[in-house]
Amino acid sequence: MNDWNESDAFEAAVPLSRQAMGARATPYMEGLNPAQRTAVETLDGPVLMLAGAGTGKTKALTTRIAHLLMTGRAQPNEILAVTFTNKAAREMKNRVGSLLGEMVEGMPWLGTFHSLCVKILRHHAELVGLKSNFTILDTDDQIRLLKQLVRADHIDEKRWPPRLLAGLIDGWKNRALTPENVPAADASAFNHKGTDLYEAYQMRLRALNACDFGDLLLHVVVIFQKYPEVLQKYQRWFRYILVDEYQDTNVAQYLWLRLLAADHKNICCVGDDDQSIYGWRGAEVGNILRFEQDFPGATVVKLEQNYRSTPHILAAASGVINGNENRLGKTLWTDRTEGEKVRLIGHWDGEEEARSIGEEIDNLQRGTRGLDKISPESMAILVRASHQMRAFEDRFLTIGLPYRVIGGPRFYERMEIRDAMAYFRVAVSNDDGLAFERIVNTPKRGIGDKAQQTINLKAREHGVSMLEGARILVSEGGLPKRALGTLKTLLDGFDRWSTLIRDDKINHVEIAQQILEESGYTDHWRTDKTPEGPGRLENLKELVKALEPFENLQGFLEHISLIMENEQEDQTEKVSIMTLHAAKGLEFPVVFLPGWEDGLFPSQRSMDETGLKGVEEERRLAYVGITRAEAHCTISFAANRLIFGQWQSSLPSRFIDELPSEHVEVLTPPGLYGGGYGAAAPSGESEMDSRVARADAYNSPGWKRMQARSARRGVGKPTEVKNIVIDAQAVSSFGLGDRVFHQKFGYGAVIGIEGDKLEIAFEKAGTKKVIASFVSGASEIPF
DNA sequence: TCATCGCACATTTTT
DNA sequence: TGTGCGATGA
């Protein structure tokens with residue numbers, strides 16, 4: 001599958017008939033708005049397509065490809081089209097295909113950065129000291145390798161965890177830095193040994209004939225920079241370059257693109273600076289902000305007409321994103337006029353929030369809100385951090401609401417899958433040491449650390465692979481008897497399986513089954529008594545099924561190293577729960593955005609680590625979240641949350657203050673503060689509208705009064721709530737030193753006042769900041 | 001070599 | 001609260 005096939009990639013494909021197109025109009029261009037049309041038709045020179053959320057970016061991009069082909073500007077194999085994910089690549093392929101019917105043979109150079117790099121690198125591997133059949137390590141292998149190196153250097157793994165080193169190295173690779181280029185400023189990294197270990201790691205990889213993900217790009221960039229004649233060949237070949245999600249590119253990817261575009265200069269980058277949310281893994285918003293300087297004479301096209309959301313939703317999103325300084329500046333608009341305001345709800349705690357959202361979803365799917373029934377599939381809950389999902393899962397399980405969690409550990413990352421693949425890897429190529437290490441003692445064969453070290457030693461001493469080393473040891477008898485026997489069995493197994501693979505007489509699916517069976521791996525899970533056992537067996541079956549479409553095991557392994565996704569769409573209608581990151585690019589009629597509390601969202605860590613830059617990225621995340629919604633968007637926050645078994649109280653997110661109040665409907669949670677604010681107290685809203693439509697409307701006295709008022713009116717939940725919120729006088733009447741009571745934290749003394757927020761030293765729970773309305777004077781508690 | 005205990009720790013994730 | 005890792009003992 002990944003075989004680099006010259007004829008595929010470079011030989012002229014069947015030319016498209018120019019007459020055939022000339023005769024007809026351009027039906028594939030129908031339905032484009034003027035901006036999209038410009039983006040499609042501006043073929044010469046650099047183009048930056050700034051495409052806001054829901055503005056038909058993929059449509060413009062795919063139509064542009066169709067246009068290039070139909071006008072005869074380029075053959076399918078002369079277009080380089082790059083995406084980040086396999087999913088995006090697949091979608092693009094399909095959409096180009098359907099635009100043009102069956103007229104175009106596949107585009108060999110449409111793919112992810114990584115898959116395209118593999119293709120190039122296999123062809124020039126020797127230039128960076130690799131063989132063209134190099135293997136690709138995933139993060140797991142990478143960490144294990146680094147661990148070995150860290151240990152070999154006698155570094156305290158507690159203080160200097162290998163993962164940290166992995167992060168550093170990834171960071172360097174993202175910035176296209178080889179060990180010799182690591183800036184002096186980074187010299188102190190990892191106990192002053194970072195650079196050396198990086199170098200050692202690269203040497204080790206070369207010895208293993210392996211690459212990590214970062215290397216795929218780095219090596220190609222290095223080759224391009226060092227061997228102009230190689231670069232030139234590609235530069236000349238790719239007449240047109242298209243890049244999706246340009247705001248997510250890192251330095252290495254940027255360099256890669258610049259080098260390739262330097263000849264024809266026909267590069268079209270599509271992206272949205274406001275949706276750059278991957279800075280933490282090396283993405284440089286700067287790339288898109290700098291585009292016009294980097295590519296002089298660039299045409300910039302802004303796609304601003306939004307086809308997804310209602311005006312209120314767009315306005316709310318704009319209000320939030322306007323808080324960012326560094327933007328190219330777009331304003332989404334729509335010609336729609338109808339629609340609900342964004343709804344804002346505060347809750348007492350996370351559980352309450354989950355309950356409320358569960359109820360709301362239930363109402364929506366039954367059509368109780370006087371609206372049409374909405375299928376659960378059309379609804380999504382988008383959270384900042386995955387631990388927030390639990391509350392919803394728990395709740396939905398109890399009320400029997402079908403849900404699906406998107407993201408989480410992917411299929412090919414699961415332990416049993418990786419183990420099974422390690423078996424395949426060793427069977428296919430006996431010298432895959434990392435894979436051998438992984439499974440030599442799985443299932444348990446009495447070959448522990450000690451024995452593995454001996455094997456390793458023996459292998460190095462003879463300059464052979466681990467498997468060969470093990471073979472020598474077995475023949476010499478250099479291991480405990482028990483280990484010797486099991487190891488021999490395993491080695492015989494690999495002999496047998498490798499022969500089967502080489503002979504190619506039996507179907508590879510059968511071979512795979514045989515390997516898993518004879519190695520004892522399937523039995524290992526069959527006899528496993530943990531609750532996961534059956535599921536893992538199930539996954540193994542899935543894995544074997546996934547082998548079917550491939551020619552052989554080898555083809556499967558090559559392909560799979562770059563595809564770590566889980567494609568099992570079950571068609572039952574379910575509510576989706578996912579992180580905001582995972583939601584990028586998706587859309588739902590109904591979106592819930594829970595957990596908008598300072599510290600959770602924006603995340604404390606992000607703010608601590610990168611300061612203002614971090615807040616801005618979090619703000620973009622908020623923008624991404626809101627713009628996922630087509631018709632209904634509900635933002636909520638909880639005053640208290642159980643985090644790591646500890647109650648923490650928090651303040652509503654600063655992003656809530658940034659929502660323009662005229663596009664927000666403030667609701668009180670049913671049951672908590674009494675409910676029905678919107679129905680019974682229209683005054684609150686007009687009050688807020690008359691206020692300067694600015695950020696702190698929610699901190700304003702009006703907001704507080706409103707909260708207090710609805711609280712007083714409330715019936716409340718019998719136990720929890722009645723005495724939490726007290727009236728407006730109390731809100732403003734606390735003074736330093738006052739003794740107060742808080743429902744979850746108990747008694748405490750006010751030690752600081754900051755607007756409507758109090759800093760309170762609780763007797764049991766420590767010092768916390770709380771909204772004044774959530775505490776009451778200690779004497780007022782109506783028990 | 002393997003099982004158990006105790007401790008530190010705790011975003012976001014694609015390839 | 002819970003997990004995952006490393007140190008500890010059988």
Side-chain angles (χ1 to χ4, degrees), chain A residues 82-89 111-118 136-143 147 151 156-159 161-163 167 170 173-174 211-218 245 248-250 252-253 276-283 350 382-391 394 406-410 412-413 415 441 443-452 479-480 482-483 486 559-566 578-585 595 599-610 614 617-618 620-622 624-625 641-648:
Chain A
V82 204
T83 64
F84 274 87
T85 64
N86 290 298
K87 196 174 154 204
T112 64
F113 276 103
H114 295 268
S115 68
L116 295 170
C117 281
V118 171
I136 301 164
L137 304 189
D138 55 39
T139 323
D140 231 61
D141 293 326
Q142 190 188 6
I143 302 271
K147 199 179 243 171
R151 284 193 178 152
D156 179 5
E157 284 176 64
K158 277 261 167 63
R159 284 191 60 196
R163 326 187 48 88
D170 278 344
K173 289 184 176 176
N174 285 339
C211 269
D212 63 23
F213 288 124
D215 280 335
L216 295 175
L217 269 142
L218 178 59
E245 307 279 18
D248 288 339
T249 50
N250 60 34
Q253 287 156 339
S276 165
I277 55 174
Y278 286 109
W280 50 275
R281 66 177 198 214
L382 312 182
V383 297
R384 172 67 246 262
S386 35
H387 64 76
Q388 291 173 260
M389 294 180 179
R390 182 182 231 118
D394 285 352
I406 312 250
R410 284 172 296 282
Y412 290 104
E413 271 168 14
M415 185 195 349
N441 201 29
K444 299 270 181 286
R445 294 192 176 87
I447 303 163
D449 280 354
K450 194 91 174 285
Q452 284 181 43
L479 283 176
R482 200 168 28 145
T486 53
H559 184 72
I560 234 58
S561 56
L562 288 177
I563 300 183
M564 298 299 264
E565 62 195 45
N566 192 4
M578 67 186 96
T579 63
L580 287 160
H581 284 91
K584 198 175 85 163
L600 180 58
F601 186 44
S603 113
Q604 193 57 52
R605 189 142 162 196
S606 168
M607 294 189 287
D608 291 347
E609 278 169 15
T610 43
E617 183 153 314
E618 297 282 308
R620 292 193 289 266
L621 208 43
V624 167
R641 210 171 272 282
L642 193 57
I643 295 175
F644 310 138
Q646 285 268 295
W647 279 104
Q648 290 197 335

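Just so it is clear: chains get the letters A, B, ... in the order the sequence lines come, proteins before strands, and each one is counted from 1. Values in this document were obtained by computation on a predicted structure and should not be read as measured data.
- In terms of the side-chain contact (heavy atoms from CB on, under 4.5 Å) criterion, residue partners of A:Thr83 (sequence neighbours excluded) are, by chain and number, A:Ala88, A:Ala89, A:Met92, A:Thr112, A:Asp244.
- Rounded to whole Å, atom C1' of B:dT11 lies 12 Å from atom CZ of A:Phe601.
- Computed from coordinates, the A:Phe84 CZ to B:dT15 C1' distance equals 10 Å when rounded to whole Å.
- Among residues two or more places apart in sequence or in another chain, the side-chain hydrogen bond (donor to acceptor under 3.5 Å, both in side chains) test is passed with A:Arg482 by none.
- When all heavy atoms of A:Ala483 and A:Gly446 are compared, the closest pair comes out as CB-O, 3.7 Å.
- Closest to the A:Leu562 side chain, of the nucleotides B:dT11, B:dT15, B:dT14, is B:dT15.
- When rounded to the nearest whole Å, the span between CD of A:Glu609 and P of B:dT12 equals 13 Å.
- Counting to the nearest Å, the C1' atom of B:dT15 and the NE2 atom of A:His559 are 13 Å from each other.
- Listed nucleotides: B:dT11, B:dT1, B:dT13. Nearest to the side chain of A:Ala582: B:dT13.
- Within the 4.5 Å cutoff, side-chain heavy atoms of A:Trp280 are placed close to those of A:Glu617.
- The side chain of A:Lys444 lies closest to B:dC2, out of B:dT13, B:dT1, B:dC2.
- Under the 30°/60° scheme for interplanar angles, the aromatic rings of A:His581 and A:Tyr278 are found to be tilted.
- Remark: A:Gln452 pairs with no residue by the side-chain hydrogen bond (donor to acceptor under 3.5 Å, both in side chains) rule, at least two apart or across chains.
- In terms of phosphate contacts, A:Ser386 brings no side-chain nitrogen or oxygen within less than 4.0 Å of OP1 or OP2 of B:dT11.
- Judged by distance alone with a 3.5 Å cut-off, a donor-acceptor contact links the side chain of A:Arg384 to the base of B:dT12.
- Using a 4.0 Å heavy-atom cutoff across all strands shown, A:Gln452 reaches no nucleic acid atom at all.
- Side-chain N/O atoms of A:Thr579 include one lying less than 4.0 angstrom from OP1 or OP2 on B:dT13.
- Note: CE (A:Met578) to C1' (B:dT13) measures 15 Å, nearest angstrom.
- Closest to the side chain of A:His581, from the set B:dT1, B:dT15, B:dT12, is B:dT12.
- One can place CG of A:Asp141 at 14 Å from C1' of B:dT15, the figure rounded to the nearest angstrom.
- The nucleotide whose nearest atom lies closest to any side-chain atom of A:Ser603 is, among B:dT15, B:dT13, B:dT11, B:dT11.
- Nucleic acid contact for A:Thr139: base, since at least one base atom lies under 4.0 Å from a heavy atom of the residue.
- Considering only residues two or more places apart in sequence or on other chains, A:Asn174 meets the side-chain contact (heavy atoms from CB on, under 4.5 Å) condition with A:Asn250.
- Straight-line distance from the CD atom of A:Glu617 to the C1' atom of B:dT12: 9 Å, rounded to whole Å.
- Within the nucleic acid shown, A:Asn441 comes within 4.0 Å of sugar-phosphate atoms alone, with no base atom in reach, counting heavy atoms only.
- At least one side-chain nitrogen or oxygen of A:Asn86 sits closer than 4.0 Å to the OP1 or OP2 atom of B:dT15.
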message = What does the B/S/- profile of nucleotides 1-10 of chain C look like, 5' to 3', with a 4.0 Å heavy-atom cutoff to protein?
response = BS---S----
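- B:dT15 atom P lies 12 Å from atom CD1 of A:Ile560, rounded to whole Å.
- For the pair A:Asp449 and A:Trp280, nearest-nucleotide mapping onto DNA chain B gives the more 5' position to A:Asp449.
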Listing, residues 382-391 of chain A side-chain donor-acceptor contacts under 3.5 Å, not counting sequence neighbours, or none:
| from | atom 1 | to | atom 2 | distance (Å) |
| --- | --- | --- | --- | --- |
| A:Arg384 | NH1 | A:Glu618 | OE1 | 2.9 |
| A:Arg384 | NH1 | A:Glu618 | OE2 | 2.5 |
| A:Gln388 | OE1 | A:Arg384 | N | 2.9 |
| A:Gln388 | OE1 | A:Ala385 | N | 2.8 |

